[in-house]
Asker: 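Have a look at the structure that comes next, please.
Count residues from 1 along the sequence.
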Amino acid sequence: MIAAVLWDMDGLLVDTEPVWTVAEEELAVLLGGVWSEQLKAAIVGTRLDVAIPLILEHYGREASPTEVH
């Protein structure tokens, strides 16, 4: 007997990518830049612990563990 079913909702039941893009564009402005499709392609589908250092480095910011929290 199946007790539960776990779905990966993001991309399957709910498309959160447009909302993430808005947040990424706003973050780029806060970091003094403009969001790029190249950066988006580099981070799409990655975990936050991978994406955040890539974003910070792209905008010339330190990506040390203290900065990435």
Side-chain angles (χ1 to χ4, degrees):
M1 178 175 173
I2 297 176
V5 176
L6 179 63
W7 293 93
D8 177 6
M9 289 181 43
D10 192 26
L12 181 62
L13 299 176
V14 180
D15 182 12
T16 60
E17 200 59 44
V19 178
W20 271 108
T21 300
V22 170
E24 291 161 340
E25 290 169 347
E26 291 176 1
L27 176 62
V29 170
L30 289 173
L31 294 173
V34 175
W35 190 250
S36 74
E37 289 303 313
Q38 294 79 17
L39 181 55
K40 179 74 165 187
I43 67 164
V44 73
T46 63
R47 298 182 322 260
L48 286 177
D49 63 328
V50 174
I52 292 171
L54 289 172
I55 293 168
L56 291 174
E57 289 169 3
H58 180 82
Y59 292 105
R61 300 297 178 101
E62 184 179 354
S64 70
T66 352
E67 293 297 316
V68 181
H69 48 220

Asker: Is there a side-chain contact between Glu24 and Leu39 (heavy atoms, below 4.5 Å)?
Answerer: no

Asker: With Leu48, which residues qualify under side-chain contact (heavy atoms from CB on, under 4.5 Å), at least two apart?
Answerer: Trp20, Ile52

Asker: What pairs of residues pass the salt bridge (charged side-chain N to carboxylate O under 4.0 Å, His left out) test when at least one of them lies in residues 26-37, not counting sequence neighbours?
Answerer: none

Asker: List the atom of Val5, the atom of Ile2, and the distance in Å for their closest heavy-atom pair.
Answerer: CG2-CG2, 4.1 Å

Asker: Write down the atom of Val34, the atom of Ala28, and the distance for their closest heavy-atom approach.
Answerer: C-CB, 3.8 Å

Asker: Apply side-chain contact (heavy atoms from CB on, under 4.5 Å) to Leu31 and list each qualifying residue two or more places apart in sequence or on a separate chain.
Answerer: Leu27, Ile55, Leu56, Tyr59, Arg61

